[in-house]
Amino acid sequence: MRIYNTQTRQKEPFEPLTPGQVRMYVCGITAYDLSHIGHARSALVFDVIRRYLEFKGYRMLFVRNFTDVDDKIIKRAEKESVSAGGLSERYIAEYQKDMGRLGILAATVEPKATEYIPQMIALIERLVVRGFAYVVDGDVYFEVRRFPPYGRLSGKNLDELLAGARVEVDERKRDPHDFALWKSTKPGEPSWESPWGPGRPGWHIECSAMSMEHLGESFDIHGGGEDLIFPHHDCEIAQSEAATDKPFVRYWIHNGFVTINQEKMSKSLGNFFTVREIFEKSPYPVQRTAEALRYFLLATHYRSPLDFSDDGLWEAKRAVDRFYDLFQRLDESTAPKGQGDGLLPAVLDRFGEAFRQAMDDDFNTPAAIAQLQVLRAEVNKLMETGLSKQACENAREEFRSLGRVLGLLQLDWREWFGTVVQPQTADGVITGEEVTVRLVERTEARRRKDFKKADEIRTELESLGITIEDRPDGTSRWKR
RNA sequence: GGCGGCGUAGCCAAGUGGCUAAGGCAGAGGUCUGCAAAACCUUUAUUCCCGGGUUCGAGUCCCGGCGCCGCCUCCA
């Protein structure tokens with residue numbers, strides 16, 4: 001398996017520090033607002049990486065943090081006249097709700113920054129003792145000039161940074177790029193006791209403290225959005241390696257942005273869609289919307305920018321429909337053992353292997369999905385030659401097994417198409433029972449060759465979002 | 001100004017030196033069907049932004065343009 005490492009800007013063979021085990025840390029969110037699709041993409045990318053590594057047989061130790069103390073949280077909390085802690089708690093819960101609906105699996109540990117203040121203080125003290133940090137008026141800064149490799153990850157050079165950067169001048173800092181490890185408290189802000197007086201941690205230190213606490217001083221994979229490369233991850237490297245003298249991380253993985261009309265989606269630009277909105281605007285049930293969104297996001301490689309659009313999302317849904325069409329055919333097949341039975345195992349093997357090869361190449365999900373699509377076509381063809389019930393089940397199981405890596409194709413086709421008979425359905429949505437009644441009428445009409453009546457019923461159901469498919473035996477099936 | 005990335009069919013999107021440039025969506029024709037839908041078959045880039053170069057051979061490497069984007073300040 002090869003992984004693109006931001007550190008070296010090339011794909012490298014992947015070998016974990018401990019054979020059979022992978023330790024991975026991913027920068028989560030700052031909890032002060034609802035998550036947008038960009039957050040969802042990042043969570044999804046690392047969810048799939050985690051799933052694939054588990055699929056490969058690795059034991060995963062996966063940490064994804066929450067930043068629950070920070071300027072933006074404090075500001076927002078002030079505005080809403082609530083406590084900073086309460087605000088971040090609320091948005092952490094919202095994040096977990098959204099990501100849960102998207103099928104993002106929980107991490108092994110999901111630490112919150114404020115629960116690791118002692119570890120952060122200990123780390124900062126270590127840096128002060130070792131001469132990498134200095135104290136000014138209750139603030140503690142990391143002195144970047146004392147750590148020559150600073151900027152290695154992003155490829156930035158301190159002297160060149162000075163030329164163009166608009167860095168606010170803080171006379172107390174020894175270098176404009178020195179960053180805060182500890183900030184002395186202002187009145188009304190959350191604060192903790194420290195050797196330097198009451199204060200709160202700087203942003204970067206939390207990730208070093210929490211990752212080391214759970215994964216050790218050196219671990220395998222550290223991930224996040226590409227906007228975190230500089231300064232956040234460069235700062236993490238500086239703090240961590242200055243404190244331990246050990247290599248901090250082996251593989252740095254960064255996901256590309258979600259854009260809107262080719263422009264970065266971000267809170268500051270105001271051009272973002274929240275995950276919540278996607279679900280609310282969707283005419284489909286949560287599970288189906290979630291899978292369409294996953295498919296859409298995974299159809300682009302994780303390092304490429306991805307332009308979000310409603311059209312793209314519904315195209316993805318159409319593509320997933322084709323899989324569930326096949327699953328229904330497989331499920332309803334009553335064919336006896338046929339020629340396809342003999343050919344199927346080799347086909348499943350071949351595409352399973354192609355799928356793994358795609359994923360082994362830097363988690364190439366678009367290529368992996370393409371293999372699933374070709375397999376779908378192949379199985380459809382084999383059905384023409386006759387596939388026994390058992391063979392059909394084997395085929396379905398292969399899609400389920402590979403699809404699990406991407407968090408796709410796990411539903412029963414009835415759930416996907418919304419044909420589960422639900423006694424209660426939202427206003428304006430026809431229930432499965434009602435559809436069944438109309439369908440029986442239509443079947444009767446067709447039997448009488450009353451095609452006018454049959455077509456009326458079909459048109460009526462179509463206007464309600466129901467598509468009918470007639471089977472050769474005169475019966476019909478339907479989907480939303 | 002510094003650093004980095006991208007430009008492949010109507011749209012989305014793989015492919016980073018070598019069989020006929022994956023796959024999806026949309027479109028066209030056909031088989032099937034009462035008509036549809038789904039499925040299947042055929043079809044949609046002699047060509048990968050432009051111009052040079054390296055090579056037996058380049059979408060893929062190098063140089064130079066053009067266009068777009070990101071980071072350098074909080075940001076997934």
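Sequence lines set the chain letters: A, B, ... in the order given, protein chains first and strands last, and positions in each chain run from 1.
- In this entry the distance linking CZ of A/Phe257 with P of B/C74 reads 14 Å, nearest Å.
- Taking 3.5 Å as the limit, the base of B/C74 and the side chain of A/Asp70 contain no donor-acceptor pair of atoms between them.
- The separation between A/Asp159 atom CG and B/C72 atom P is 19 Å, rounded to whole Å.
- Comparing B/G59 with B/A38, their P atoms sit 37 Å apart, to the nearest whole Å.
- Straight-line distance between the P atoms of B/C50 and B/U8: roughly 10 Å, to the nearest whole Å.
- Checking the phosphate oxygens (OP1, OP2) of B/C3, no side-chain nitrogen or oxygen of A/Arg9 falls inside 4.0 Å.
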Grab the N/O contacts between the protein and nucleotides 26-29 of chain B below 3.5 Å, and write none if there aren't any.
unit_1	atom_1	unit_2	atom_2	d
B/A26	OP1	A/Arg318	NE	2.9
B/A26	OP1	A/Arg318	NH2	3.1

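- Residues of residues 452-460 of chain A having a heavy atom closer than 4.0 Å to RNA chain B, listed by number: A/Asp455, A/Arg458.
- A/Ala445 pairs by the side-chain contact (heavy atoms from CB on, under 4.5 Å) definition with A/Arg448, A/Asp450, A/Lys453, A/Ala454, not counting sequence neighbours.
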Name the atoms and distances for all side-chain donor-acceptor pairs under 3.5 Å in residues 334-344 of chain A, with sequence neighbours left out.
unit_1	atom_1	unit_2	atom_2	d
A/Asp341	OD1	A/Gly338	N	3.4
A/Asp341	OD1	A/Ser388	N	2.8
A/Asp341	OD2	A/Ser388	OG	2.5

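- Remark: A/His39 pairs with no residue by the side-chain hydrogen bond (donor to acceptor under 3.5 Å, both in side chains) rule, at least two apart or across chains.
- Listed by chain and residue number, A/Phe327, A/Trp416 satisfy the ring-ring contact (aromatic ring centres under 6.0 Å, His included) test with A/Tyr324 (two or more places apart in sequence, or in another chain).
- Under the side-chain hydrogen bond (donor to acceptor under 3.5 Å, both in side chains) criterion, A/Gln371 pairs with no residue at all, not counting sequence neighbours.
- Heavy-atom nearest nucleotides on RNA chain B were determined for A/Asp307 and for A/Lys449, and the one closer to the 5' end corresponds to A/Asp307.
- With sequence neighbours left out, A/Arg471 forms a side-chain hydrogen bond (donor to acceptor under 3.5 Å, both in side chains) with A/Glu332, A/Thr475.
- Remark: A/Asp71 engages A/Lys183, A/Arg200 in a salt bridge (Lys or Arg N to Asp or Glu O under 4.0 Å) (not counting sequence neighbours).
- Residues forming a side-chain hydrogen bond (donor to acceptor under 3.5 Å, both in side chains) with A/His214 (at least two apart in sequence, or on another chain): A/Tyr116.
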query = Are A/Asn271 and A/Glu263 close enough, and set up right, to give a side chain to side chain donor-acceptor pair (under 3.5 Å), and what steps lead you there?
reply = CA-CA 9 Å; A/Asn271 61 340; A/Glu263 276 196 331; 4.6 Å; no

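- Among residue pairs with one or both ends in residues 88-108 of chain A, those qualifying as ring pair (Phe, Tyr, Trp, His ring centres under 6.0 Å) are A/Phe66-A/Tyr95; sequence neighbours excluded.
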Between protein and nucleic acid, restricted to nucleotides 14-16 of chain B and to nitrogen or oxygen atoms under 3.5 Å apart, what atom pairs and distances do you find?
unit_1	atom_1	unit_2	atom_2	d
B/A14	OP1	A/His301	N	2.7
B/A14	O3'	A/Asn364	ND2	3.0
B/G15	OP1	A/Asn364	ND2	3.0

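- Between the base of B/C71 and the side chain of A/Lys156 there is a donor-acceptor pair shorter than 3.5 Å.
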